[in-house]
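Remember, it's a predicted structure, so these values are computed and weren't measured experimentally. Because only heavy atoms are used, hydrogens play no part in the values below, and waters and symmetry mates are left out as well, while side chains stay in.
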Amino acid sequence: MTAVQVSVVGVGPRGLSILQRISQLAHRLPAGRTLDVHLIDPGDGGQGSHPVRQPAHLLTNTVASQVTMFTDGPGPSFTEWAATTGYRDFGGVFLPTGGAAGDPLGEHAYLPRQMLGSYLSWVFDRTVGSLPPHVRVVHHRDRAVDIAVLGDGRFAVHLEKGYVVSSEYVFLATGHCERIPTAEDRAYEEFAQGNADRNPWLVYCPNPYPVDRMQEIAPGSTVAVQGFGLTAHDVISELTVGRGGAFHGSGWDMEYRPSGREPRIQLFSRQCLPFSARGLNQKGLTGQHRPRFFTKEAIRQLRERAVQRGDDPRLDFGADVLPLLLKEMGYAYRAAQEQRSIPPEEYEFTPDDRRAVEDIIDPLRGRSFASQEAFKEFFVDHVVGDLAQAERGNRTSPVKAATDVIRDTRASLREAVEFSGLTPESHRTFHSTYVPVMNRVSFGPPRHRNHQLLALMRAGIVDLAGGPGSKVVLDREAARFTIRTEYTGGTEFRHADALVIARLDAFHPERDRSPLIRNLLARGLVRPYANGPFQPGGIDIDEQGRPITVAGEPLTGAWAVGYLVEGPRFYTHALPRHGLNSQFAADADTSVRDMFACIQQRDDLIREDEHAGADRKSVSVP
């Protein structure tokens, strides 16, 4: 029996999906072959960025009952697993009592990410345990720092501690990243270090994960948090509940009781707009808005018509794609408003519908503010109004029905965007302007997070550091960070001792601090993805998921999935949803099937060579 050697670099959810597919497709291995799967990750299998050691107050951002690692076979969803494991709900605290105490887990619950990590590790253990006898797993609790291609086409995967794994096939599933410090990072860090003798509370935190980095922030100090998204909610939670504070009550009656160990938190961002709360799910586990106008077929027809005209088949997002998306949102808005199913052929995207959708996308449109106080009043009213819509539900609220369209038509967005589907300049605009808007209005936090935000503002723990267009200024005289905002009534300043950048880094290979990525680039085995002159991030791949080398050729025997390819692909970080087609699972399936096809092809060539050799030996020499 000859063993085929395979390495999976990174064994978070994406690496786990590769292992699941290897298990499911192992019957494709040619006779006489076994498979050694080398899993390379310093953490527990499956967990990735969801380690069980993180605090319980950090929550998933998807209803847990919709999350599953079993997309096309038997296996429990996240919630089903938690229930059978014995978890019960004690007023928002989830404990594995296994008894009658507490409440059963509801299908609308947002569960802690540490529980998700436990679920993923359970799936990992189940997958390893279900492998057939001819597939063996070796888990290297280490990091890959380099990969070289040997003369025979095999890969040498170099680990941080010095061991080298020899492999015929490699899967890259390294997940999230961390940037090399920018000039701005260095300036902020030098400012904090250089003025610590005058202000001992000075801290600069360019990345809040793991959240125990927040321990540097002193109680009673003032911290400016840049961002309003999901990462900002994690920071706020760690600096409040993580410091011993507690929320009491729920919804509009919620109040926050401080521990006294909190800092004063001030929030700001480029637009200073809050992320919209998720609407109460009225669609069930598998329900989605079915697109009538913004369909994959409509995108393909746009390209076909462009080709027929002799034009570039790449689309302009603003001119070609956005009108379809806005019309789809308008259709969902009107259907919820009238509470009926509207035949698509009868729907007209009226000026009123357009205004309603544009107000969702840009609530600052046509507005200006005289002062920080005036903007804060608008901000609070906006959060309150959005929460009122969220409480109505994603079928009853016209606003939430419209914003859910963005989540439910990701397949159409992928059809338009992926693999240079947009012109370079349009792709740049999509990336810088429209993606942040879509994230804000459609991929926001659970409702109770924004109720908590209002409670913290009422308690005086959280405030706004600025308004639209606010900027960080280094106040060397006061030895503090300063947030400056220009209002129509004049310039206003807010001061802080600590600055936290509350956003995840986009993956740009040439700016990533990973030694593995740096060495892969240096060897020319991967290259940054580019759509003409625009580089949105990610490494370049073909549609099978194989990395494109610096020479422009697919790297034979290697595949990349997940956040590593966010650029040629779009929205790679969503976990699979119960009962729905998942790009997450499809990418794993495509790459693993391609690997087994390569194994079969190599075996066929070996047998042909052996057969040809036998024929030559049988020929008699006169």
Can a donor-acceptor pair be found, under 3.5 Å and without considering hydrogens, that links the side chain of [X] to the backbone of [Y]?
X	Y	result
Asp594	Thr590	no
Asn450	Leu453	no
Asn394	Asp404	no
Asp41	Gly10	no
Asp386	His382	no
Glu168	Gln5	yes
Ser470	Ser269	yes
Gln20	Met69	yes
Ser426	Phe317	yes
Lys400	Ser442	no

Just checking, is any N or O donor in the side chain of [X] or [Y] under 3.5 Å from an acceptor N or O on the other one?
X	Y	result
His427	Asn531	yes
Gln535	His508	no
Ser420	Tyr529	yes
Glu492	Thr485	no
Thr491	Glu486	yes
Asp185	Thr182	yes
Asp353	Tyr331	no

Indicate yes or no: does [X] engage [Y] in a salt bridge with an N to O separation below 4.0 Å.
X	Y	answer
Arg480	Asp475	no
Glu297	Arg303	no
Arg518	Asp512	no
Arg113	Asp234	yes
Asp146	Arg523	yes
Glu358	Arg354	yes
Arg186	Glu189	no
Asp589	Arg593	yes

Gap between atom [atom2] of [Y] and atom [atom1] of [X] - 0.5 Å precision:
X	Y	atom1	atom2	result
Arg414	Ile299	CZ	CD1	14.0 Å
Phe375	Cys272	CZ	SG	5.0 Å
Arg513	Glu178	CZ	CD	4.5 Å
Leu575	Gln66	CG	CD	12.0 Å
Leu267	His233	CG	NE2	8.5 Å
Phe228	Arg440	CZ	CZ	11.0 Å

For [X] against [Y], the heavy-atom pair lying closest together:
X	Y	value
Leu364	Pro468	CD1-CG, 3.9 Å
Arg527	Leu521	CA-CD2, 4.1 Å
Leu564	Thr174	CD1-OG1, 3.5 Å
Val157	Ser167	CG2-OG, 4.5 Å
Gly532	Pro424	CA-CG, 4.2 Å
Pro13	Leu120	CG-CD1, 3.7 Å

* **Intermediate values then yes/no, side chain to side chain contact (heavy atoms under 4.5 Å, CB included), Val435 and Met438** => CA-CA 5 Å; Val435 170; Met438 290 189 291; 4.2 Å; yes

* **side chain to side chain contact (heavy atoms under 4.5 Å, CB included) evaluation trace for Leu499 with Val203** => CA-CA 6 Å; Leu499 174 62; Val203 173; over 6 Å; no

Tell me whether the rings of [X] and [Y] are parallel (<30°), tilted (30 to 60°) or perpendicular (>60°).
X	Y	value
Phe293	Tyr347	tilted
Tyr204	Phe481	tilted
His176	His573	tilted
Trp559	Phe171	parallel

Heavy-atom side-chain contact between [X] and [Y] under 4.5 Å:
X	Y	answer
Val526	Thr549	no
Phe294	Val321	yes
Val37	Leu19	yes
Leu464	Phe379	yes

* His140 and Leu159: CA distance, side-chain angles, deciding distance, side chain to side chain contact (heavy atoms under 4.5 Å, CB included) verdict -> CA-CA 9 Å; His140 302 270; Leu159 307 188; 3.9 Å; yes

* Going through the distances and angles, do Arg503 and Thr231 end up as a side-chain hydrogen bond (donor to acceptor under 3.5 Å, both in side chains)? -> CA-CA 6 Å; Arg503 63 171 180 263; Thr231 303; over 6 Å; no

* **Residues Val6, Met595; criterion side chain to side chain contact (heavy atoms under 4.5 Å, CB included); working and verdict** => CA-CA 9 Å; Val6 179; Met595 179 191 72; 3.8 Å; yes

* Counting only heavy atoms not in Arg290, do more than 12 fall under 6.0 Å of its CZ? -> no

* Asked: Taking atom CD of Glu510 as the centre, does the number of heavy atoms from other residues, nucleotides or ligands within less than 6.0 Å exceed 12?
  -> yes

* Evaluate the criterion salt bridge (charged side-chain N to carboxylate O under 4.0 Å, His left out) for residue pair Arg300 and Glu415; output intermediate values, then yes/no. => CA-CA 8 Å; Arg300 295 186 187 117; Glu415 185 71 28; 3.4 Å; yes

* Given the rule in the ring-ring contact (aromatic ring centres under 6.0 Å, His included) test, do Tyr571 and Tyr563 qualify, once you have shown the distances and angles that lead to the verdict? -> CA-CA 8 Å; Tyr571 213 83; Tyr563 206 60; 10.0 Å; no

* Tell me, please, whether Phe570 has Arg410 positioned over its six-membered ring: NZ or CZ under 6.0 Å from the ring centre and within 45 degrees of its axis? => no

* Asked: Within 45° of the six-membered ring axis of Phe349 and under 6.0 Å from that ring's centre, is NZ or CZ of Lys327 located there?
  -> no

